[in-house]
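In what follows, chains carry the letters A, B, and so on, assigned in the order in which the sequence lines appear, proteins first and then strands, with residues in each chain numbered from 1.
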Amino acid sequence: MTTTTQPAAADSSDGGPGLKASGLYSRQLPTYFPPALLVVCAVVVSGAFALFGSFHPVPAAILTALAYLVAITASSAAVENSRRAKDRLVTGIVYCCFAVAVVPLISLLSTVAVYGIQRFDLYFLSVSMNGVIPSMDAGGVYHAIVGTLVITGLATVISVPIGLMTAVYVVEYGRGRLKQAITFFVDVMTGIPSIVAGLFVVALWILAFGPGQTNGLAGAIALSVLMIPVVVRSSEEMLRLVPNELREAAYALGVPKWLTVVKVVLPTAVAGLTTGIILALARVIGETAPLILTAGMASTRINGNPLEGDMMSLPVYIYKAVRAMGLSGEAGVYAEERAWAAALTLILVVMLLFLAARLISRFLSPSKG
Amino acid sequence: MAKRIDVSDLNVYYGDFKAVEDVTMTVEPRSVTAFIGSSGCGKSTFLRTLNRMHEVTPGARVKGKVMLDNLDVYDPSVDPVAVRREIGMVFQRANPFPTMSIYDNVIAGAKLNSQRLSKSRADEIVERSLRDANLWEEVKDRLNKPGAGLSGGQQQRLCIARATAVEPAVLLMDEPCSALDPISTLAIEDLIAKLKENYTIVIVTHNMQQAARVSDRTAFFNLAGTGQPGRLIEMDDTNKIFTKPDKKETENYITGRFG
Amino acid sequence: MAKRIDVSDLNVYYGDFKAVEDVTMTVEPRSVTAFIGSSGCGKSTFLRTLNRMHEVTPGARVKGKVMLDNLDVYDPSVDPVAVRREIGMVFQRANPFPTMSIYDNVIAGAKLNSQRLSKSRADEIVERSLRDANLWEEVKDRLNKPGAGLSGGQQQRLCIARATAVEPAVLLMDEPCSALDPISTLAIEDLIAKLKENYTIVIVTHNMQQAARVSDRTAFFNLAGTGQPGRLIEMDDTNKIFTKPDKKETENYITGRFG
Amino acid sequence: VDPENQQAAGDVDCVDGGGTLDGAGASSQENAMAAWKASWEGACEGSVVQYDSVGSGAGREQFIGSGVTFAGSDAALDEAETEQATERCNGSEVVNLPAYISPIAVAFNLEGIDSLNLSPEVIAQIFNQEIDNWNDDAIADLNPEADLPDQDIVPVNRADESGTTENFVAYLSEAAGDAWPHDVSGNWPIEPVEAAQGSTGVAQAVESGQGTITYVDASHVGELGTAAVGGGEEFTEYSPEAAAAIVDASDPREANTENDHAINLNYTTDEAGVYPIVLISYHVACMEYQEQQNADLVKSFLSYVVSEEGQQAAADEAGSAPISQDTRDTLLGTIEQISAGA
Amino acid sequence: MTTTDSSETAEAPKGKRRLGDLVFANSARGAGLLILAILAGVAAFLIVQSFSSLTANEANFFTSSTWSPEGGPDEDVRFGVASLAFGTVLGAAIALVLATPIAVGIALFIVYYAPRRLAALLGYLVDLLAAIPSVVYGLWGLVYLVDELQPFYRLLSEYLGWIPLFAGPVSSTGRTMLSAGIVLAVMILPIITAMARDVFHQVPQTHREAALALGATRWEMIRTSVLPFGRPGVIGGAMLGMGRALGETMAVAMILSPSLVISPNIVQSGNQTIAAHIALQYPEATGNGVSALIAAGLVLFAITLAVNMAARFVVSRRKEFSE
Ligand SMILES: Nc1ncnc2c1ncn2[C@@H]1O[C@H](COP(=O)(O)OP(=O)(O)OP(=O)(O)O)[C@@H](O)[C@H]1O
Ligand SMILES: Nc1ncnc2c1ncn2[C@@H]1O[C@H](COP(=O)(O)OP(=O)(O)OP(=O)(O)O)[C@@H](O)[C@H]1O
Ligand SMILES: [Mg+2]
Ligand SMILES: [Mg+2]
Ligand SMILES: O=P([O-])([O-])[O-]
């Protein structure tokens, strides 16, 4: 083994604290350097923009980020070494990704919160739109909350067993072509456009009950078509994570396969399964198009019966409000307020559902950790 | 309760690959039989065929006969689940059920099968099995804590307790000590010595000293060559194998200066 | 190229839990130092602090000093990346990069250090490292096959080759043979004997015989009690430790009839 | 608007015991329908009307398939549809009742300009992308007073198939002659410059763009500038009265049966004070229903819709033009006759 | 345990167990088959319903871009999906190109860069964002985003106009395919991020430590052990996201100023996606109109299928090396 290892060579070239370091002491940028550099970049870029008289936050931010990335890479390459420089560059990029993504997301959430809060109160949550005409400063979302809970609840009740059992089949039982076919077609099913799912159920309903028969159940079935593949996919991943050793441990105790699945595999995976179900729920709870087609958009009163007539849901409620938003005068203003407030309501409902799911999952896996 | 195992002309395949060839042997009841041999020669594979665990591996097949006393283990009318109840297994890596408490882990064999067990009977089984496994003293105060919170050696002993709680006739152990420190190893060896009073025990080990210490009979497996199936080279009383084996191959392996 | 390691008053914490207490020791260059001790006494933890790998574990902290020759490993201006390049590590479970071929696995570290590695130089490094690791003959015809396709022992040797390919000054090995059969173990012990001509080697093992066979010096760790931190009980020439250790504790541990 | 006012639904003929009346169709009526629904349901306890504003086409289809009891449609049922619907109506007559008239405004966003005079030809050329600058002579000649900017014209049209488009295009092809050589349908006939979904969408697009112009249901005009439309010297701003006037100036459709009141709009009328660009949305119903309850509910609801109160409520809410007394009388005459038969 | 005892335990419980296993295994298989049945149902529905318009169609369904499927007394039934298919793929491609790298970046940030608490919070936020209805995304895009983007498009066109994508003239309202693509990207970002985050979490500690022990920097560790391991999962997530982007209806319908042309220019209004087209046309469609829309739905379905197959192909090609 020679003394001229690569790191030593790299080090001596930048003339650091000498050979004694043999690559260990490398000159490093102080920890305050990156943030300071960022501030400098921001100031310089904004200054330049101001000079040319066209300051706009977005391009300024983009240029600042670019300038920062170039500067940090260059200074790191000069002071440290090329590998650190690359590391710093990637760190910068990762933070940028975060910023790039979080900014619109936060903007979205805060927009919803700020606009939504104007009409969001107990009254709004506790009344329906029954008897409310567009220009009235009245009405609320209660019926839509009920509808959303009933429809997505039904969809969950339909999809979770089917999806979970399919995942169990694929992971635990599946062999050969049928398994391949199912995994492949589940993938395909994830791509069914929501509107096509809606049209499909409408056709089904026309076959069964004649035209114009919209109700909550139809909506729930349309949502199930969208939800099932997501449940299957995520559950599949989670079941695969359960180590085989545990299955073998159960088999070795003379436990039949199905009990092994029910009592060992599923409980072990329960946290992951919950995440999957939450994602699936998230996928459908905001669906609009299929619900308009299947559950209708006429309902203004509270209807908790999924078999009986139109059922309003929060996304459709928002959609309707958005459509009325362009009305001149107060009607448009109220519609816009309702749209945002309902959006806020939906987000809060989702948050509560997520929380509940987490709690249930924690309850189901008591002795973990 | 201990039973004899008779294996005749057993061949094991993974798909088209023959992993073990023509093994014929008898495992005596109330004794410890050790399997030794180099890596990849099919010890684990062979061991798993004894309680039909190989069926869990996709593509694994068996040709030959395994008799448990008078019962043909591979008879189509025999339920593999019942076979595994009779022939328990302990794995190389401890695998307690992470979602269960220590108590539930021990009683898992009954519980997972939805057997109704009175509380007192269950308590009794748990205590006896844990005592057998030399773990009772260490865990009796935290039976309701998760099993995954134990140290490696404790987990391994917990798995042994779990296996003995269902009172199998035979206990198969695949390198149960390879991840353990000497003290835990010692505890498990003591346990094996004690268990053999009631069980038929088969143990796979890489540790020659261990084989010499714990086993009554030793089977030496080896590969016929790379890519070829493993075979049983020689099986005899442990003393004989470690002092004057019949085959040159065995002697070469045994007298390596390792341990 | 081999270097000395001086540890003084080292304490390691996981969050609030102190895992290792007050260790002071010197690891000599061009020699093999073995760490022995019961499970959970902090051998792995201590080993990982030597090349700052503990920093990877969230919550792990260190108090004390580690000198590599004249260099303070924990000096704020020292780059942990550079430290790890100087002090390589081999883990208990072989961990080749699953997405890379055997060749790429070996050259992975060297590639990081010098982006522009000529093909011939790379070939040279790969061959030398694999020969050092006693694996060349077995894999030279399938260097482009995935590393995960090798047997356990081969994978472990592949990882050793990968570690030596970057030519570190020190090589830390955490129970490198615990999953291996005697033949592979022998191969790795031979390898260690050979490597110590150029490297400083530290090896954690549960196998007393192995410690006795391969090491020049042995350090014995033990727990002060359950829930208490591990400590270095005694460190001395291997001969001395295994024949007449100073401490009663050491003797108790050594003379267990296990191995 | 004060909620209390809505209860002032005059004398509504309610159905004893109430019931649910299902309707579906044109989205143009959505807001008017909300007003009608609120008042009618308020006046008649136990009566419910469910109007799914799924679109005229879907509404007609559901009506034909017996999914709903009445439909709202921006176009009268054509021959084939009428034939199919007859079956659904117990073999009785199917009627189109023009009870919702809404002016279509030509709205634009030009700084400092609230109103412009535009002739049909100029409107056609603008939307045909032939006149592409606001200071074009053709516009300037019609508006000597206005200070027209040198700015590109961005015409915005509906991206969805719509009754508004159909009526607007029908107007252009009648009134603008050769300047608008395209077929009439609910889809915009040429490649758009800008397009948006729904009345709200186009209004929004016009508001957010510059130099934009569109045609939109008058209730969505908001702050935008609007065109006074006409030929020669006479230009008429849209207003409910001016819009309603065109219905009276038009002739019934030739294919109409006795009780059917579909209209052929006369866009080229010379009469003064007529705003010619309107959308007429029909209520489509049967003269005879199978069930008595349905017949009663339809009768009750539609009577309210065409009543003075009903029309005023729609005008307040959706900016529609109340129908004239003549029209009301005709329609009521028909609605009276709706009945149930075996 | 006596011999008789044992033969009893070997035989007796057999029937009972087999029943449990049989029921469970078959209901699992049944669920799988049900999925196939649903899918077959959807496919059959699409094919049957699109049949009448496709046979009446006088134009080439695949190459034409006109849309007058209802015909008339003296008018042919003519419609084709060329521009719609192009727009659909274009929109989803923009979304994917923008979202995937950023999602990987965020996932890396959450798993390897952010402080733990922040990371947990971010993970939760990301899940939450996956649930925001597309109408709200559409609303936000319409009310807020397009106005913000429009000046930026001007710059883009001014400086990068030589690229056909940005050639201009720039839409004066900002309601362009790029805007739609950006909103779609924001919509699918949470999905891809969630999947990527999960797989990155699962990269075995040993692989990461292997890289670090060789003296890899954080980025080098990610490059050598995290990204290769996570690749199939990220691709899977991207496909889920792509599926959603391809099928997204409301947001596109609200934001895009569509036209049925094939134009590579994404800062100009124009192009249209299949899903949005269906949403815009369906309410007023009758007869062949509906049938033609469903035929378009069939094409969308086929595109999704093709994309998924392509993804599987990419993932499986390197299977040999993925543990
Ligand atoms: N699931 C499997 N599919 C295909 N081949 C397998 C499988 N499991 C093991 N093998 C092969 O069968 C042979 C025997 O493997 P086995 O695990 O029985 O060896 P072993 O003697 O237990 O080795 P070790 O001492 O390393 O545990 C080996 O060549 C191995 O590669
Ligand atoms: N990541 C961690 N977080 C908290 N505690 C830890 C962590 N890793 C190890 N410990 C604790 O630190 C102590 C020392 O563990 P370590 O793994 O160093 O033991 P060891 O001597 O290597 O044991 P073995 O021989 O079983 O490998 C143990 O009590 C262990 O539970
Ligand atoms: Mg084995
Ligand atoms: Mg350790
Ligand atoms: O009322 P519209 O048909 O124009 O939406």
task = Classify the ring geometry between Y95(A) and Y113(E) as parallel (under 30°), tilted (30 to 60°) or perpendicular (over 60°).
result = perpendicular
note = Which of L346(A), V350(A), V316(A) passes side-chain contact (heavy atoms from CB on, under 4.5 Å) with P133(E)? It is L346(A)
task = Select one option (side chain, backbone, both, neither) describing which atoms of V143(E) are under 4.5 Å from chain A's heavy atoms.
result = side chain
request  = Would you mind telling me which of P193(A), P290(A), S194(A) makes a side-chain contact (heavy atoms from CB on, under 4.5 Å) with T249(E)?
outcome  = S194(A)
ask   = What class does the angle between the rings of W258(A) and F24(E) fall in, given that below 30° is parallel, 30 to 60° is tilted and above 60° is perpendicular?
value = tilted
key: Closest non-hydrogen atom pair between V136(E) and A343(A), with its separation   = CG2-CB, 3.5 Å
message = Can you tell me which portion of P190(E) sits under 4.5 Å from chain A's heavy atoms? Options are side chain, backbone, both or neither.
response = neither
ask   = Looking only at heavy atoms, which two atoms of L108(A) and I132(E) are closest? And how far apart?
value = CD2-CD1, 3.8 Å
task = Identify the two heavy atoms, one from L293(A) and one from Y282(E), that lie closest to each other, and give their separation to 0.1 Å.
result = CD2-CE2, 3.4 Å
inquiry  = Under 4.5 Å from any heavy atom of chain A, what part of I222(E) do you find: side chain, backbone, both or neither?
reply    = neither
message = I need the residue from I102(E), V186(E), L246(E), L240(E) with the largest number of non-hydrogen atom pairs under 4.5 Å to chain A.
response = I102(E)
message = Contact between F45(E) and L204(A) at the side-chain level, heavy atoms closer than 4.5 Å - yes or no?
response = no
message = With a 4.5 Å cut-off on side-chain heavy atoms, are V94(A) and R218(E) touching?
response = no
